[in-house]
Number of protein chains: 2
Amino acid sequence: MISQAEENYLKALFHLTNETEEKVEAGTNELAFYLEVKPATVNDMLKKLKEKELVSYKKYGKIMLTQQGREYAVEVVRKHRLWETFLYEKLEFSWDEVHEVAEQLEHIKSKKLVEQLDRFLGFPKIDPHGDPIPNSKGEIKYLKRKTLTDIPVGAVCKLVAVKDSSASFLQYAVQIGLGLSSKIKIISRQEFDGSVEIEIDNKRSTVSQKFAENLFVL
Amino acid sequence: MISQAEENYLKALFHLTNETEEKVEAGTNELAFYLEVKPATVNDMLKKLKEKELVSYKKYGKIMLTQQGREYAVEVVRKHRLWETFLYEKLEFSWDEVHEVAEQLEHIKSKKLVEQLDRFLGFPKIDPHGDPIPNSKGEIKYLKRKTLTDIPVGAVCKLVAVKDSSASFLQYAVQIGLGLSSKIKIISRQEFDGSVEIEIDNKRSTVSQKFAENLFVL
DNA sequence: TAAAATAGTTAGTCTTATCTAACAAATATT
DNA sequence: AATATTTGTTAGATAAGACTAACTATTTTA
């Protein structure tokens, strides 16, 4: 049996390594910082995870998920993103509220629950933040991503993801009526600073280039 | 913050006392048996719960929930039964599969989640076992639970729970084709001894009044 | 009512997940 | 290469929630 704490370590390792193309290994301090615990704690936990053959590492060496560990981590990510989708689509949670609750729900242990939830939601491909939802075989389809800055004036696009999902960004997004799958029309663009005037549900706003670069669209 | 273990003790106390009209207090051994832990463990936990003013008890005395403890317990029961309803109605879980998963889901902490789930389900009054679901104010409307003996001849009902689940009863049930969520049609009833002829999946059997009283139906 | 049975408590141990403080190894800098 | 800095490890502590074994209080019964 894998505890909730262990699941969190696996998920963290997945996000720090496998999820980002280049990196395949992490360090103790890095993991500790990510999980907001002390390096000593990570060290203890790694021993347990190594014992269970979920991670591979040697003293003073780099940390890597084993195949088994990766599979487990992907399952947790799958659950997290399915629950986020459920909260957003069915329970009227807003974009910035889903994460905290999904952090709890992702640890519920029931194979049937996950599969039925997936079916109930219509086998969604992306979660409310636009991140891909692994399928039941653990396959993840990463979509190539364009940002708002790539869209020409006059065109309409759909928001599918965000680069930075800090609370401050998400709150700003909600303020201007921006939600997942929002249709965004490009009204005009300033050559001077790259700021763009956009229209969402007949509501116009002007956002900076920095903001626009943070929005992945299709 | 109240831990999952603590929540389970409160819920157990509620079921052993407040839920049954007569009893208002429980003993250490009784609680231990119910929770499948040892009396010593219960004793330790009671000290914590007393400290938090969720139970009242004195050394060698009886255990009782405080008003606060009762309110908390009802909230947990509410969550449990809402989740059972969700699993049964939306995710195609069968009658006997919902409990185990609801035991996990009831500990998720999010006020909004509970209220939205309740709304999503259309503010259900009873769970898939026919037990009442407390409303958001903690009020519980106890309905008289119907048994097979309350169903008139000619009507059809659905099995939702059993009073006694001894092996001898279950074996008998299996023999006559009675399973969870079985649809039962009342063919005839003997005035003399209250025995009933029933039909399950086109198969007829005659059962005693004692047997019929053991079946909760909807 | 005295002995037996039952119920409840205490003390000490275990495991998990965390911490702090001190130490060791690896890497970077001058 | 010597030293300083960063990174990782170890040892020992703590808190929660469980256990066993031994003890004490209460209740039953002969």
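Throughout, protein chains are lettered first and strands after them, A, B, ... in sequence-line order, and every chain is numbered starting at 1.
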- Check: B/F86 ring centre within less than 6.0 Å of A/F86 ring centre: yes
- Kindly assign one of parallel, tilted or perpendicular to the pair B/W83 and A/W83, based on the angle between their ring planes and the thresholds 30° and 60°. perpendicular
Output one line per pair: protein atom, nucleotide atom from nucleotides 15-17 of chain C, and distance, for all N/O pairs under 3.5 Å.
residue : atom : partner : partner atom : Å
C/dA17  : OP1  : A/S3    : OG           : 2.4
C/dA17  : OP2  : A/K48   : NZ           : 3.3

- Item | By ring-ring contact (aromatic ring centres under 6.0 Å, His included) - contacts of A/F211 (at least two apart) | A/F169, A/Y172
- Task: Measure the distance from CZ on B/F33 to C1' on C/dT6 and round it to the nearest whole Å.
- Result: 15 Å
- Task: Supply the atom-to-atom distance B/R70 CZ to B/T17 OG1, rounded to the nearest 0.5 angstrom.
- Result: 8.5 Å
- Task: Quickly work out the A/E25 CD to D/dG8 P distance and round it to whole Å.
- Result: 11 Å
- Task: Give B/Y57 one of three labels, base, sugar-phosphate or nothing, depending on what nucleic acid heavy atoms sit under 4.0 Å from its own.
- Result: sugar-phosphate
- Starting at CG of B/L16 and ending at C1' of C/dA7, how long is that distance when rounded to a whole Å? 16 Å
- Reading nucleotides 21-26 of chain D from 5' to 3' and marking B where a protein heavy atom lies under 4.0 Å of the base, S where only the sugar-phosphate is that close, and - otherwise, the string is ---BS-
- Task: Measure from NE2 on B/H107 to P on D/dG17 and round the result to the nearest Å.
- Result: 12 Å
- Query: In whole angstrom, what separates A/K38's NZ from C/dA21's P?
  - Reply: 11 Å
- Query: Atom NZ of A/K79 and atom NE2 of A/H107: how far apart are they, to the nearest 0.5 Å?
  - Reply: 8.0 Å
- Message: Taking the basic N atoms (NZ, or NE/NH1/NH2) and the acidic carboxylate oxygens, is any pair closer than 4.0 Å for B/D131 and B/R145?
- Response: yes
- Task: Check the distance between D/dA18's C1' and B/N8's CG and give it to me in whole angstrom.
- Result: 14 Å
- Between A/H99, A/Q104, A/E75, which is the residue that forms a side chain to side chain donor-acceptor pair (under 3.5 Å) with A/H80? A/H99
- Query: If each of B/N29 and A/P39 is mapped to the nucleotide of DNA chain C with the nearest heavy atom, which maps nearer the 5' terminus, i.e. the 5' end?
  - Reply: B/N29
- Hey, could you give me the OH/CG distance between A/Y88 and A/D127, rounded to the nearest 0.5 Å? 11.0 Å
- Once you round it to whole Å, what is the distance between C1' of D/dA16 and CD1 of B/I2? 15 Å
- Quick one: does NZ or CZ of A/K50 land under 6.0 Å from the six-membered ring centre of A/Y57, within 45 degrees of the ring axis? yes
- What is the distance, rounded to the nearest whole Å, between atom CG of B/L49 and atom C1' of D/dG17? 12 Å
